[in-house]
Amino acid sequence: MKKKHDFKYSDDNKRYHTYNYFLRQKYHQKCFRIPLDAGFTCPNRDGERGIMGCSFCSIAGSGDTIIRGTLQAQIDDGFKVMRNKWPDGLGMAYFQAYTNTYDTLENLKELYDPFFEDDRIIAVIIATRADCLDKEKIEYFKEKAKHKDLYIEIGLQTIHPITNYYINRGHDNQIVTDTVKMLQEANIHTTLHIINGLPNETPQMMLDTAQYCADLKVDGIKIHMFQILKNTLEAYRYKKDPYPLLTQDEFVDITIKQLQLLPQETVIMRLTGDPVVSELVGPKWTTNKISVLNQIDKTMAKYNLQQGDMINEKQQ
């Protein structure tokens, strides 16, 4: 029986639409992601858009925890590891590192076609940048999605030009808007990544970014905390001139308000990051994911808050 708060997209104590709930409703059993590095780079690293990458991005291109080796070895080893935990779990191929559509359409077909034909894999998840998708690539993925579930994840991070310039993002928001709309027209499940606590951003700026995602009506959203990692441009800046980082309490407060702005149908794919502890400069509290999630749950329950609350208030 549901809790008294009776949130539509929950069958436990959560007051937001968790990714776990979404997967259980869709596939009716445990699902796991196998993170993959397919050998891509990024236009913000190889000179196409820039040479240093985003100021916060690690040398592994956000794929720090991936088991290295050939792509086939990664998927095979990934299944072994995950099946030890969940023998009956369903596997999803997650192309995580760098920009996974940054190549010619011909090369992308050669890479992805076998994964759509692999019966072990129930879904393909592709992380990329909005400026590395075009009509031809989206048309290809539209056809593939007719045969196997496909999820595209796009890094947005922030909607504010001054912050995008500071973090060396390499593109503006219009390309994100245009790309998301093309993906929606192709009926491809689309997720946006955003970051809370980027340097010099106010809480209202972070809420504005969440509101943008709500207005676009994306299928899912990942909310990360800004983290400074060793051997990045941001680590150099921070060492030279330290600046304030969000506390856990501040992050929780902002994140809950963002959840209240988002439609209940929007799947909350993630509310924290998973830093490699040895690579983390700060903030140190981000290593305790359970503590952050518990604080979000307890605060929302204490004040009787739910995802989409602010939308409902506007409609009344």
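Since we're looking at a predicted model, the values are computed, not measured.
A side-chain N or O of N196 and one of Q258 form a donor-acceptor pair less than 3.5 Å apart. Side-chain contact of Y140 with D113: a donor-acceptor pair under 3.5 Å is present, judged by distance alone. A donor and an acceptor atom, one from each side chain of R15 and N304, are located under 3.5 Å apart. Using modelled atom types, one finds a donor on one side chain and an acceptor on the other under 3.5 Å when comparing D149 with Y27.
The existence of a salt bridge linking D297 and K14 is confirmed by a sub-4.0 Å separation between a basic side-chain nitrogen and an acidic carboxylate oxygen. The residues R33 and E153 are annotated as salt-bridged, a charged nitrogen and a carboxylate oxygen being separated by less than 4.0 angstrom. Between R169 and D131 there is no salt bridge, since no side-chain N of the basic residue sits under 4.0 Å from a carboxylate O of the acidic one.
Note that CG of L259 is 5.0 Å distant from CE of M300, once rounded to the nearest 0.5 Å. Remark: M82 CE to K80 NZ distance equals 14.5 Å, nearest 0.5 Å. In this structure, the separation between CD on Q227 and NZ on K284 is 10.5 Å, given to the nearest 0.5 Å. Here the OG1 atom belonging to T266 is positioned 7.0 Å from the CD1 atom belonging to I311, to the nearest 0.5 angstrom. One finds the CZ atom of F226 at 8.5 Å from the CG atom of L229 (value rounded to the nearest 0.5 Å). In this structure, OH on Y21 lies 8.0 Å from OH on Y9, to the nearest 0.5 angstrom.
A pairwise comparison of heavy atoms in A130 and T179 identifies O-OG1, 3.1 Å as the closest pair. Annotation for C31 and M92: closest pair CB-SD, 4.0 Å, computed over non-hydrogen atoms. Among all heavy-atom pairs drawn from K109 and P114, the shortest one is O-CD, 4.3 Å. The shortest heavy-atom contact between G155 and Q157 is CA-NE2, 3.5 Å. For the residue pair L71 and A38, the shortest heavy atom distance occurs at CD1-CA, 4.2 Å. Y19 and V267 make their closest contact through CA-CG1, 3.7 Å (heavy atoms, listed as atom of the first residue, atom of the second, distance).
Using the six-membered ring where Trp is involved, H189 and F22 have ring planes that are tilted, between 30° and 60° apart. Using a 30° and 60° split on the angle between ring planes, F115 and F95 fall in the perpendicular class, above 60°.
A continuous path of ILVMFWY side-chain contacts below 4.5 Å connects L216 to L262, so both sit in one hydrophobic cluster. In the hydrophobic clustering of this structure, Y303 groups with I296; members are Ile, Leu, Val, Met, Phe, Trp, Tyr whose side-chain heavy atoms approach within less than 4.5 Å, directly or through other members. One hydrophobic cluster, built from ILVMFWY side chains closer than 4.5 Å, cannot hold both I223 and I290; they sit in different ones. Hydrophobic clustering places F116 together with L105 (ILVMFWY residues linked when any side-chain heavy atoms are closer than 4.5 Å, directly or through intermediates). I138 and I152 fall within the same hydrophobic cluster, where Ile, Leu, Val, Met, Phe, Trp and Tyr residues are linked whenever their side-chain heavy atoms come under 4.5 Å apart, directly or through other members.
For H224 and F56, the gap between ring centers reaches or exceeds 6.0 Å.
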Apply salt bridge (charged side-chain N to carboxylate O under 4.0 Å, His left out) to the pair D76 and R120, showing each step before the final yes or no.
-> CA-CA 10 Å; D76 290 343; R120 296 175 299 172; 3.0 Å; yes
Determine, stepwise, if the pair Q264 / H17 fulfils side chain to side chain contact (heavy atoms under 4.5 Å, CB included).
-> CA-CA 6 Å; Q264 293 188 354; H17 192 161; 5.9 Å; no
Test side chain to side chain contact (heavy atoms under 4.5 Å, CB included) on F79 and I121 and set out the steps.
-> CA-CA 10 Å; F79 266 107; I121 297 168; 4.2 Å; yes
Check against side chain to side chain contact (heavy atoms under 4.5 Å, CB included), E136 and E139 | CA-CA 5 Å; E136 288 74 23; E139 186 61 32; 5.7 Å; no
Would you please test Y243 and I228 for side chain to side chain contact (heavy atoms under 4.5 Å, CB included) and show each step?
-> CA-CA 11 Å; Y243 47 79; I228 300 174; 3.6 Å; yes
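Atom CD of E110 sits in a sparse spot, with 12 or fewer heavy atoms from other residues, nucleotides or ligands closer than 6.0 Å. More than 12 heavy-atom neighbours from other residues, nucleotides or ligands sit within 6.0 angstrom of CG on D178.
R237 forms a cation-pi arrangement with Y166, by the criterion of a distance under 6.0 Å to the ring centre and an angle within 45° of the ring axis.
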